[in-house]
Amino acid sequence: MNQGFIYIMSNKGRTTLYIGVTSDLQSRVHQHKHSFYPGFTSKYKCFDLVYYEHFWGMEQAIEREKQLKNWHRDWKLNLIKETNPDMKDLSEGWYDEGL
């Protein structure tokens, strides 16, 4: 069984949130940060990882993603702020961008 992650990306002003699911969080966040694929995160510059959850199975991660996508914005912000009150980019320092 593959592990899974749900994650929330945001733009610098924290006005836009994007919720996604992946089996490889670091790789997927890197793809978002460098706009590997055109889409929502590229268009709205959602390059900062502000929240994530780990699951031992991809099925559970997909269910959680569906749940969160149906939440009101305030609920999502409250969830993020429980573990990341300053809404910092949690992926800061993950990559050696200067290389």
Side-chain angles (χ1 to χ4, degrees):
M1 188 180 312
N2 288 340
Q3 70 176 348
F5 296 88
I6 61 94
Y7 61 94
I8 302 177
M9 304 291 292
S10 188
N11 60 343
K12 289 290 180 202
R14 303 298 185 249
T15 57
T16 306
L17 300 173
Y18 171 83
I19 299 173
V21 65
T22 185
S23 61
D24 185 345
L25 184 62
Q26 286 189 329
S27 177
R28 188 67 182 114
V29 169
H30 187 265
Q31 291 170 351
H32 284 302
K33 286 182 173 293
H34 295 282
S35 300
F36 280 16
Y37 307 106
F40 186 92
T41 56
S42 296
K43 180 177 180 180
Y44 294 99
K45 299 183 181 359
C46 294
F47 303 138
D48 293 346
L49 176 69
V50 294
Y51 183 82
Y52 65 92
E53 293 178 22
H54 175 259
F55 296 87
W56 291 111
M58 184 56 88
E59 298 80 18
Q60 292 89 354
I62 292 169
E63 286 301 314
R64 180 65 165 159
E65 178 199 28
K66 290 177 184 177
Q67 179 187 43
L68 294 179
K69 284 186 173 188
N70 285 318
W71 280 17
H72 298 282
R73 177 179 171 79
D74 288 343
W75 298 354
K76 295 173 194 174
L77 290 173
N78 288 336
L79 176 67
I80 295 165
K81 289 178 180 180
E82 284 178 13
T83 57
N84 187 6
D86 297 327
M87 295 188 70
K88 294 180 181 178
D89 181 4
L90 300 175
S91 67
E92 191 172 306
W94 282 9
Y95 314 101
D96 292 329
E97 300 297 344
L99 301 177

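Side-chain atoms are counted along with the backbone in the values below, which use heavy atoms only and exclude waters and symmetry mates. Along the sequence shown, the residues carry numbers beginning at 1.
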Work out which heavy atom in [X] is nearest to a heavy atom in [Y]; give both atom names and the distance.
X	Y	answer
V50	I80	O-CG2, 3.6 Å
M87	L77	CE-CD2, 3.9 Å
W71	Q67	CD1-O, 3.1 Å
T15	S10	N-OG, 4.4 Å

Side chains of [X] and [Y] in contact at under 4.5 Å (non-hydrogen atoms):
X	Y	answer
L68	L79	yes
I62	F55	no
K45	T16	no

Report the distance from atom [atom1] of [X] to atom [atom2] of [Y], rounding to the nearest 0.5 Å.
X	Y	atom1	atom2	answer
T41	M9	OG1	CE	6.5 Å
I8	L17	CD1	CG	6.5 Å
Y51	Y7	OH	OH	14.5 Å

For this session: Check side-chain contact (heavy atoms from CB on, under 4.5 Å) between E63 and all other residues, then give those that pass, not counting sequence neighbours.
Result: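 Counting only residues at least two positions away or on another chain, E63 forms a side-chain contact (heavy atoms from CB on, under 4.5 Å) with K66.
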Q. Under a 4.5 Å side-chain heavy-atom rule over Ile, Leu, Val, Met, Phe, Trp and Tyr, are L49 and F47 clustered together?
A.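 No.
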Checklist entry - Can you name the residues that form a ring pair (Phe, Tyr, Trp, His ring centres under 6.0 Å) with F40, not counting sequence neighbours? => result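 Y18, Y44.
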Per the salt bridge (charged side-chain N to carboxylate O under 4.0 Å, His left out) rule, what does the pair list look like for [range], sequence neighbours excluded?
range	result
residues 69-78	E65-K69
residues 82-93	K33-D89
residues 4-27	K12-D48, R14-D48

Fill in: Residues in salt bridge (charged side-chain N to carboxylate O under 4.0 Å, His left out) contact with R28, at least two apart in sequence or another chain
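Expected list: none.
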Query raised in the report: For atom OH of Y52, is the number of surrounding heavy atoms from other residues, nucleotides or ligands below 6.0 Å larger than 12?
Result: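 Incorrect, the count does not exceed 12.
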Please state whether the rings of F36 and H34 are parallel, tilted or perpendicular, taking 30° and 60° as the class boundaries.
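Because their plane-to-plane angle lies in the 30° to 60° range, the rings of F36 and H34 count as tilted.
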